Amino acid sequence: MSKIGLHWFRYGLRLHDNPPLLKAIKTCSKVIPLYILDTDYFKPDKVGINRIGFLLDTLKALDSDLRAKGSRLFVAQGNPNEVIRNLIQEHKVELLSFERDTEPYNKHMDNNIIETAKSLNVETFPLWGHTMFDPEYLLEMSNGKAPLTMTSFLTLMSETGDPPKPLDPPESMPSPIDNLKCKDVFVYEGIPTLSDLKGFNFDPKDYTTWFVAGEKEAIKKMTEFLAQKHRVSTFEKPKTLPTALQPDTTALSPYITRGSLSSRLFYHSLKDTLKGMQSSKPPVSLKGQLYWREMAYLIGFSVPNFNQMEGNPICKQIPWLTGEEAKSLLEKWEMGQTGYPAVDAVMNQLRTEGWMHHLARHLVACYLTRGDLWVTWELGRDVFDKHLVDADWSINNFSWHWLSCSAFFHQYFRCYSPVAFFKKTDPNGNYIKKHVPILAKFPDKYIYEPWTAPKGIQTACGCIIGKDYPKPMVDHKFVSKENMDRMKKAYDAGKAKAKNSGEPPAKKLKQNKLGKYAKK
DNA sequence: GAACGCGTTGTGCGA
DNA sequence: TTCGCACAACGCGTT
């Protein structure tokens, strides 16, 4: 047990429930805890300051938690495969542990790194940890085809039972090495701040999210939420408020996504909390929310080209705007300049806080795509991915499919109104007044449609529509109807194509539920 | 094998 | 004010 191990932190930026980290600790006398900032993954022009800032804060918290256990975190920057190859050789590493991932880019990276380690005679432990279940197991249980409806996913969950229990954090950490110096590898001194970041050009004063990062904070937030037993047992997602000034949901998504909180820990803590109580049921309950996440990950893991329309077998082919015209519409949407205060408020909250309520995301995603602007969901997805502190490849792609009626959900005549939708929960427009402050003085009567306010009132409110705040870029009542026609045509064209393609319908696979995962 | 029921979260109208 | 309904659907599972 005099081995030197390298633990590469991926999403699992935590000490609790971290199977590959525990493996390294058990097997090695020295463990190098490493995070690699992969700038091919976090492309500087595609990632915003709140998202990266929250990640750096998470790393800082992890470093501090590791130091409390006798270790520390190293942060390198570069291509993970090259960084790991160089470090293995430089520091005579004999064991490599890391959390496997489901995203195509990371899956490819994992395979390369496993090959690299093999070629250097290094033992590797790539283990699952970011989802509740091993996705390969779930896929095999589903006969190789991920369930595409919540109903069928719930059937799968009834067959798997509870996910494994979360693992405890290690009591202490083996000592790290003194320094990670290595020619050909860029290693930061300590944990980088926003202004330290090589290749990015951030002004720290633009880091405005209110979320406090880290595992301790995540567990504290979870514990506080679960202590509200009535709220937990009666939780129904569709009934929570998108316009609340403080989150009306758990707001744990940034912690689960960045790996500060294990989904298995949340699942089992929730189960313990609700023991012996009546409670709401999936898919609307809190457990249901974990199931939605798990389902999105399984689909992202198994559906080819899930992050694009082309070559994506479950995505309806809809002739969205994609070129320069789309980009100019997209920019107004991203910057909160659509002229619909509800939409602009949500987009402003996205850019400043890095988080919005789920239904607020629905409103703006519908507006950008099938509702109003007819811009491709891929571009909207990128904007969310850039700004969200809970940016999550699988869930983000899943949700944009859903909202644009490209997969999973098809009732395109159920269209969110940028005027009516928020009025139901916020008739006075307090949410708008907070996030679009230039409209703060408008009377409630006009807050959702400020362009209808008489000129005298606009002057008195210090905001002339068309000058200080834009007029609506489209007439929702008109374009939403027009877009429903387009959706109908796109669906019909898809049906005709399927009929003429002569392809036989996919045969059902023979039942083979257990395979290599059969209980012995 | 055809028919039927159902699905996390819409809107606007008329009774 | 509240409720039921129509409006341009699809895929999956059950009967």
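Keep in mind that this is a model prediction, so the values were computed, not measured.
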Does Lys287(A) count as lying over the ring of Tyr267(A), i.e. NZ or CZ under 6.0 Å from the six-ring centre, within 45 degrees of the axis?
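No; the conditions do not both hold, so Lys287(A) does not lie above the ring face of Tyr267(A).
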
Could you check whether Arg414(A) makes a cation-pi contact with Tyr412(A), meaning its NZ or CZ is under 6.0 Å from the centre of the six-membered ring and within 45° of the ring axis?
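Pair Arg414(A)/Tyr412(A) does not count as cation-pi.
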
Between N or O atoms, less than 3.5 Å apart, protein on one side and nucleotides 6-9 of chain C on the other: list the pairs.
residue : atom : partner   : partner atom : Å
dA9(C)  : OP1  : Lys488(A) : NZ           : 3.3
dA9(C)  : N6   : Gln411(A) : NE2          : 3.4
dA9(C)  : N1   : Gln411(A) : OE1          : 3.1

With a 4.0 Å cut-off on heavy atoms, is [X] in touch with a base, just the backbone sugar-phosphate, or nothing at all?
X	answer
Lys424(A)	sugar-phosphate
Met150(A)	sugar-phosphate
Lys316(A)	sugar-phosphate
Phe408(A)	nothing

Under a 3.5 Å limit for both distances, which nucleotide forms a Watson-Crick or G-U wobble pair with [N], could you say?
N	result
dG13(C)	dC4(B)
dT9(B)	none
dA8(C)	none

From CA spacing to verdict: ring pair (Phe, Tyr, Trp, His ring centres under 6.0 Å), Trp451(A), Tyr340(A)
CA-CA 9 Å; Trp451(A) 62 92; Tyr340(A) 280 102; 5.3 Å; yes

Calculate the interatomic distance between [X] atom [atom1] and [N] atom [atom2]; express it in whole Å.
X	N	atom1	atom2	value
Lys287(A)	dT8(B)	NZ	C1'	16 Å
Leu148(A)	dG7(B)	CG	C1'	14 Å
Leu290(A)	dT8(B)	CG	C1'	14 Å
Met487(A)	dC10(C)	CE	C1'	11 Å
Asp248(A)	dT9(B)	CG	C1'	13 Å
Phe153(A)	dT8(B)	CZ	P	13 Å
Glu236(A)	dT8(B)	CD	P	13 Å
Lys145(A)	dG11(C)	NZ	P	10 Å

For the [atom1] atoms, the ones on [N] and on [M], what distance do you get once it is rounded to whole angstrom?
N	M	atom1	result
dT8(B)	dC3(C)	P	23 Å
dA8(C)	dC6(B)	P	22 Å
dG5(B)	dC5(C)	P	15 Å

With a 6.0 Å cut-off on the ring centroids, do Phe306(A) and Trp400(A) count as close?
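They do not qualify: ring centres at least 6.0 Å apart.
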
Measure up the [X] and [Y] rings against each other and bin them: parallel (under 30°), tilted (30 to 60°), perpendicular (over 60°).
X	Y	result
His130(A)	Tyr11(A)	parallel
His357(A)	Trp355(A)	perpendicular
His401(A)	Trp377(A)	tilted

Select one nucleotide: of dT11(B), dT9(B), dC12(C), the one nearest the side-chain heavy atoms of His358(A).
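From the listed options, dT9(B) comes nearest.
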
Looking only at side-chain atoms of Thr151(A), point me to the closest of dC12(C), dG7(B), dG10(B).
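Of the candidates, dG7(B) comes closest.
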
Counting neighbours of CD on Gln246(A) that are heavy atoms of other residues, nucleotides or ligands and sit closer than 6.0 Å, is the number greater than 12?
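Result for CD/Gln246(A): open.
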
With the 90 degree cut-off around zero defining syn, does dA9(C) come out syn or anti?
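dA9(C): anti glycosidic orientation.
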
